[in-house]
Amino acid sequence: MSSDTRFDPASADPRWQKAWEEAQTFRADSDSPKPKSYVLEMFPYPSGRIHIGHVRNYTMGDVLARYKKATGHEVLHPMGWDAFGMPAENAAMEKGVHPGGWTRNNIEHMKAQLKRLGFALDWSRELATCEPDYYGHEQALFIDLYEAGLVYRKESEVNWDPVDMTVLANEQVIDGKGWRSGAEVEKRKLNQWFLKITDFAEELLEGLGSLENWPDKVRLMQENWIGKSKGLQFSFDLSNGEKLPVYTTRPDTIFGASFVAVAADHPVAQAIDSEEARDFIALCKRGGTTAAELETAEKLGFDTGITAKHPFTGADLPVYIANFVLMDYGTGAIMAVPGHDQRDFEFATKYGLPIPRVVAPNLDEAGKPFDGEAEAGANDSGAVIVNSEFLDGMSVEDAKREIIRRIEKQGLGTGKTVWRLRDWGVSRQRYWGTPIPFIHCEACGVVPARKDSLPITLPEDVDFQTPGNPLVRHDTWKHVDCPKCGGKAERETDTLDTFVDSSWYFLRFASQPADKPFDAEEVAKWLPVEQYIGGIEHAILHLLYARFWTRALAHMGQIEVKEPFASLFTQGMVTHETYSRKEGGKTVYYAPDEISREADRALLSADGGEVEIGRVIKMSKSKKNVVDPDTIIDSYGADAVRWFMLSDSPPERDLPWSEAGIEGCSRFVYRLWRLFSAHEGSAQGEDKALDRKTHQTVAAVAEDIEALGFNKAVARIYELTGAVEKAAPSASRSAAIRTLVQLVAPMMPHLAEEAWAGMGMEGLVADAPWPEVDPALLVEDEVTIAVQHKGKLRDTLTAPKGAAREDLEAMALASEKVQRSIDGAEIRKVIVVPDRLVNIVT
RNA sequence: GCGGGUGUGGCGGAAUGGUAGACGCCGGGGACUUAAAAUCCCCUGAGCUUUGCUCGUGUGGGUUCGAGUCCCACCACCCGCACCA
C-alpha cells in the first residue's frame, strides 16, 4: 500500500456507499438464524434539510448497528419520515406550494443528505407517514381501536383565532395572541376525538418497572405525568341546595379548609347569573391554554356568594371561581387549604381569607402562625395534625385514613384514586394529516368507514390561500354516502395528531404487507426494539403514546409485545456559540460561516469588525448559530463529521460544535490513514506490551459501545493509535493496525473500508466479525499502588498484582517520602486496598 | 407554578467511595523547511518560600481512614408541561 496517497473522502465516501448498496450489506433478513437486533433512531420530520442534531442521533445508532452486525447479529436498522405536520401547511400558505409536494421534495433532499453520511440503513423498508400506503393502515387501526371501545368523542377546548378563523396550536399562540393575525386568541369548544389512554394508566405505570434499560429520569417523568394519586372525593352541601363534589389528595388537612374553589368551566360557575361572573369567566378564558401559563398566571378569584358547609365543623365556606383550578383534573372543584398548599396560600393572602394551621412539627407548635409563603406546602414528614378535633396528634398518613373512613361511613364520599393523565385528544382541524376514517350521517350518527374503502386519501386539489381547513370546504371529498344506510352523509374533516403516526411506525418497519398494517409473526421476530435513540424532548408524549398504542394493540390481540422499546437512550443537543453585535440599537446575529474565529475574539469576514461571542446554546435559525451538514461533509468528509459527533461529549449531554473540533477530527482521519498505509503484513516478531494494549482496547471499546459511551470508546482509540505509532515494526504491530481498522469501522466506515481493501483483506470490513479478545492479555501483572497519609497522596509504588496486604504495607512504610510525611508520628491504623492503595492514619 | 436534569482546568470532558484532570481542543516552546502548510517532539489546573508544599470538582454543612462520587440545605443554568415535531 502506497503511503503517499492521501485519503480522499470526496472520492472514497461515495465509492463505498455504492459498494454497500450493491452488496445489500445492510438489508435485514427476517429469516436469518442469527440473533436479531433492532436498532432504531427516532425518525425525522422532513423539514427541508438534515439538522446536525439528526447527524448526531443517527451516527450513534449507526455505530451500534454496525457493531451489532460485527458481533453476529442480524440487524434491522431502518429509516423513514414523520411526514405529516404543520410546517408543510405553513409552507403552503407562505409559498403557495402544495404540502405534499413540499414534503416529498424535502424527503428526497434529506435522503440524499443521509446517504452522504454512509449510514448502515436498510432503505428497502423506508416509509413516509404521509403516503396512503402508511396512513391507510393507520385508519384501519383507528377503526379497530374504536371497535374495541378505546375511541370516543367529547367536547374539548381549542385555541381559536377569530381573525384567521382557525384553530391554533399552543406554539402558535404568543402572549395570548395569534402568531399570524395578532388577534386575541379565544378558547372555543369543539367536539373532538379522543383515545382512552386512561384505561391503560395503571398498566403504563406498572410497565415502567420492567423498563430497566430506560433512563431513570424518563421513567420518573412518565410516572409523574401519569400521576397516580390516592385521595378523597366528597361533596359539600351548597347554600343554593346543590351538592358540590370535590377531590383532594390531602384529606388530612380538611379542618384547614377555609374556602372552596371551582374552575371557570365548572357548572357551578357557569350557572351564576350575573354580569360580573360572566366577565370573570371570560377573563379566565383569555390567554393560552398551557399548564405553564395557567399556573404562573396571577391567582384570580371571584366570590360567587354561594357558601359550602364544612362536613365536620359546619362552618360556611365561601365558594370562589378561581383561575388556577383545572376542570380536567379531579372534579374541577377543590377544598382550599391555604396553610398547606402554595397556590391556596397565595389566593387566600390576596383575598384576605383565613390561613389556619392544621399540620405542625409537634403538638406544642399548634398555635404557631405562618410566617410567610415559605412554609406553605412545605414538607410535612414527621409532622402531626393539629387544630383538627379528632385528628389531633395523628400523623399525616393516619389522618388521611381516618378521614376517609369517617367520610365513607357518613356516606359523604369515598376514597378514590385519581390520575393526572388525561385522555389523548387526537383531533386536529388541519389538512396535512391522516383523515379520521369516520362519516357523519344524519340518520345513523357517527359511523366508521368500511375497511374496504380504505385508505381514505387526502384530496390533492386544495388551496391554502383561504383561511381554515381546506377539507371542510372541499365538497366532492367531503360529501359521501353513509356506509350504513346509504343516505347522504359527510366525512369527518379532522385529521389525526401526528403523534398517532409515530405511535406504530416501528411495527411497520418490521414488516410491510400491502393488505394489513403489519404481519404479527414478523413483528414477533423483531420487536421489541433493542435500542431506541432520540431526543429527551420526547421523554413523555411520544414515548408514552407509543407505549399506549403498543399495549392497545396487544390488548386487542393483534401483537404479543407490550413494550415497544426495550432500551431507550436520550441524546443531548448539538449547540454552538452565537455571534452578534448591536447595529442601530438592534442585536444582529451572524452565522458561523460569516465569521473568522480567532483565539479569543471573532471578526465578521465581510467588514473585519469584531462581533460579540455569545453563550453556547442550542442551534436555532433565529440565532443563526447553525452549521449545515452538507457544507461540513464537503469540507471534511463523512468520517470526520461522524467522529466529531462521537467525540468528547458524553452522548446524553449537549455537544458544542466547533470549527477547531471538526478540524481536529479531520486531522485524526488522515493520521489514521498514514498509520494504516504503513501496514506491513510481513513484519515479524512479537510485542507483548502492544498485544496487551490492543486486546484491552478491543474489550474496552466493545464495552463502551454497548453502553453507548462513545466518547470513552473514542478516547481509547486515540490511546491505542498513539501506542501503535510509537511501536517498532513487528507482527504484533501489524495485527494491531488491522484491529484498529476494525475498531474504527463502525465510526469511520469509509476510511475503514478503504484501508481494509488497501491491506488486501477479503470482503468488506462492514461484514467482518468483531476482533476476538484473548482474556489472558487483559490482565496486567504489575499494578501501581497509591500511598496516602492523612488522606493525601504521598507516593506511588509498583507492586506485583495480587501482592499481600502485609507486603504492601511494608513497602509503603519503607517509602522515604511517606516517612518524611509521617515525621515520627504514631501510626494508629493502616488501611490496605489490594492492588489499589495504602492509607496510613496517624 | 409543577416535573426532570446539569454544574470538574482557557474549552469539551475522564474518574467500581481509593493517585482528580485520562483523551481531545486551544495555547506555548522546539524539530523539519529558503519559507509556509502538513507532520513530529516537549510543556500546559492555581499558588508558593519549587528535591517539595499548599489549595482545588457551583455554595454551605455532614458521614468516612479517604468524598467529584454518599447524605442535608442552597445557588445558577437547561429541558418538558398534553394542538411543535
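In what follows, chains are A, B, ... by sequence order, proteins preceding strands, each numbered from 1.
Side-chain proximity of A:Arg653 to the nucleotides B:rU19, B:rC84, B:rG13 is greatest for B:rG13. Closest to the A:His538 side chain, of the nucleotides B:rA14, B:rG5, B:rA85, is B:rA85. Closest to the A:Arg420 side chain, of the nucleotides B:rC41, B:rA85, B:rA82, is B:rA82. Nearest nucleotide to the side chain of A:Glu537, out of B:rC53, B:rG80, B:rA22: B:rG80. Distance from the side chain of A:Ile540 is smallest to B:rG80 among B:rG80, B:rC84, B:rA85. Here the nucleotide nearest the side chain of A:Pro656, chosen from B:rG12, B:rG24, B:rC79, is B:rG12. Listed nucleotides: B:rA20, B:rC25, B:rC79. Nearest to the side chain of A:Ala660: B:rC25. Closest to the side chain of A:Leu793, out of B:rU19, B:rA14, B:rC23, is B:rU19.
In terms of polar N and O atoms assigned as donor or acceptor, the side chain of A:Asn839 comes within less than 3.5 Å of the base of B:rC65 in a complementary pairing. Judged by atom type and distance alone, A:Glu663 does not reach the base of B:rC26 through any side-chain donor-acceptor pair under 3.5 Å. Residue A:Arg716 places no side-chain atom within donor-acceptor reach of the base of B:rC23, judged by atom type and a 3.5 Å distance cut-off alone.
Environment of CD in A:Glu703: sparse, with no more than 12 heavy atoms of neighbouring residues, nucleotides or ligands closer than 6.0 Å. Counted within 6.0 Å of CD on A:Glu155, heavy atoms from surrounding residues, nucleotides or ligands total more than 12; the atom is thus considered enclosed.
Remark: A:Lys792 is in phosphate contact with B:rC55, judged by side-chain N or O atoms under 4.0 Å from OP1 or OP2.
Among the heavy atoms of the strands lying under 4.0 Å from A:Gly425 are primed sugar atoms or P, OP1, OP2 only; no base atom is included. Residue A:His542 is classed as having no contact, given no heavy-atom separation below 4.0 Å to the nucleic acid. Here A:Phe324 lies out of heavy-atom contact (under 4.0 Å) with every strand. As judged by a 4.0 angstrom heavy-atom cut-off over every strand, A:Leu421 is placed among the base-contacting residues. At the heavy-atom level, A:Gln429 lies under 4.0 Å from base atoms of the strands shown. At the heavy-atom level, A:Val841 lies under 4.0 Å from the strands shown only through sugar-phosphate atoms. Here A:Pro44 lies out of heavy-atom contact (under 4.0 Å) with every strand. Using a 4.0 Å heavy-atom criterion, one finds that A:Ser647 contacts no nucleic acid atom at all. Using a 4.0 Å heavy-atom distance criterion, A:Gln192 is classed as a base contact. The residue A:Val787 sits apart from the nucleic acid: no heavy atom pair falls under 4.0 Å. Residue contacts for A:Gln788: at a heavy-atom cut-off of 4.0 Å it reaches a base atom on one of the strands shown. Counting any heavy atom pair closer than 4.0 Å across all strands shown, A:Leu220 reaches sugar-phosphate atoms only and no base atom. Nucleic acid contact for A:Ser427: base, since at least one base atom lies under 4.0 Å from a heavy atom of the residue. Looking at heavy-atom distances under 4.0 Å, A:Ser658 makes no contact with the nucleic acid at all.
Using a 90° window around 0 for the glycosidic torsion, B:rG47 falls outside it and is classed as anti.
Base pairing annotation: B:rU50 forms no Watson-Crick or G-U wobble pair, as no partner gives both donor-acceptor distances under 3.5 Å. The partner of B:rC55 is B:rG45, judged by Watson-Crick or G-U wobble contacts that both fall below 3.5 Å. Remark: B:rC2 base-pairs with B:rG80; criterion is Watson-Crick or G-U wobble with both hydrogen-bond distances under 3.5 Å. Partner assigned to B:rA20 is none, using Watson-Crick or G-U wobble distances below 3.5 angstrom. Under the Watson-Crick or G-U wobble criterion, with both distances below 3.5 Å, B:rC25 is paired with B:rG10.
Protein atom CG of A:Asn224 is 5 Å distant from nucleotide atom P of B:rG4, rounded to whole Å. Atom OH in A:Tyr718 sits roughly 6 Å away from atom P in B:rC25 (whole-Å rounding). The nearest whole Å value for the distance from the CZ atom in A:Arg820 to the C1' atom in B:rC53 is 10 Å. Rounded to whole Å, the distance from NZ on A:Lys217 to C1' on B:rG4 is 8 Å. Summarising the geometry, the separation between CG on A:Leu300 and P on B:rG1 is reported as 16 Å, rounded to the nearest angstrom. Here the P atom of nucleotide B:rC2 and the CZ atom of A:Arg343 are 8 Å apart, to the nearest Å. The distance between atom CD of A:Glu703 and atom C1' of B:rA15, rounded to the nearest whole Å, is 15 Å. Protein atom CZ of A:Arg667 is 13 Å distant from nucleotide atom C1' of B:rC40, rounded to whole Å.
Here the separation of B:rG61 from B:rU50, taken at their P atoms, is 32 Å to the nearest Å. The C1' atoms of B:rU57 and B:rA46 are separated by 14 Å, rounded to the nearest whole Å. Comparing B:rA20 with B:rC75, their P atoms sit 32 Å apart, to the nearest whole Å. Using atom P as the reference point in both B:rU6 and B:rG13, the two lie 12 Å apart (nearest Å). Here, B:rU33 and B:rG28 have their P atoms 23 Å apart, quoted to the whole Å. Taking atom P in both B:rC41 and B:rC23, one finds a spacing of 13 Å when rounded to whole Å. Across B:rG68 and B:rG7, the matching P atoms stand 15 Å from one another, rounded to whole Å. Separating the P atom of B:rA37 from that of B:rC26 is a span of 14 Å, rounded to the nearest Å.
Comparing A:Ile831 and A:Ala715 against RNA chain B, the residue whose closest nucleotide sits nearer the 5' end is A:Ala715. Mapped onto RNA chain B by nearest heavy atom, A:Thr796 and A:Val167 fall at different nucleotides, with A:Thr796 at the one closer to the 5' end.
At a threshold of 4.0 Å, the pair A:Glu346-A:Lys299 counts as salt-bridged, since one of the basic side-chain nitrogens sits closer than that to a carboxylate oxygen.
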List the steps and the verdict of side chain to side chain donor-acceptor pair (under 3.5 Å) for A:Ser229 and A:Tyr329.
CA-CA 11 Å; A:Ser229 60; A:Tyr329 183 76; 3.1 Å; yes
Step by step, work out the side chain to side chain donor-acceptor pair (under 3.5 Å) result for A:Ser821 and A:Arg794.
CA-CA 7 Å; A:Ser821 177; A:Arg794 301 297 162 179; 3.3 Å; yes
Run A:Asp423 and A:Thr198 through side chain to side chain donor-acceptor pair (under 3.5 Å) and show every step you take.
CA-CA 6 Å; A:Asp423 275 337; A:Thr198 52; 2.7 Å; yes
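Two rings, from A:Phe347 and A:Phe324, have their centers less than 6.0 Å apart.
Between A:Phe548 and A:Trp424, the ring planes are perpendicular. Angles over 60° get that label, and only those under 30° would be called parallel. Taking the six-membered ring for Trp and thresholds of 30 and 60 degrees, A:Trp643 and A:Phe668 have nearly parallel ring planes, at less than 30 degrees apart.
No cation-pi contact links A:Arg219 to A:Trp214, judged by a cut-off of 6.0 Å to the six-membered ring centre and 45° from its axis.
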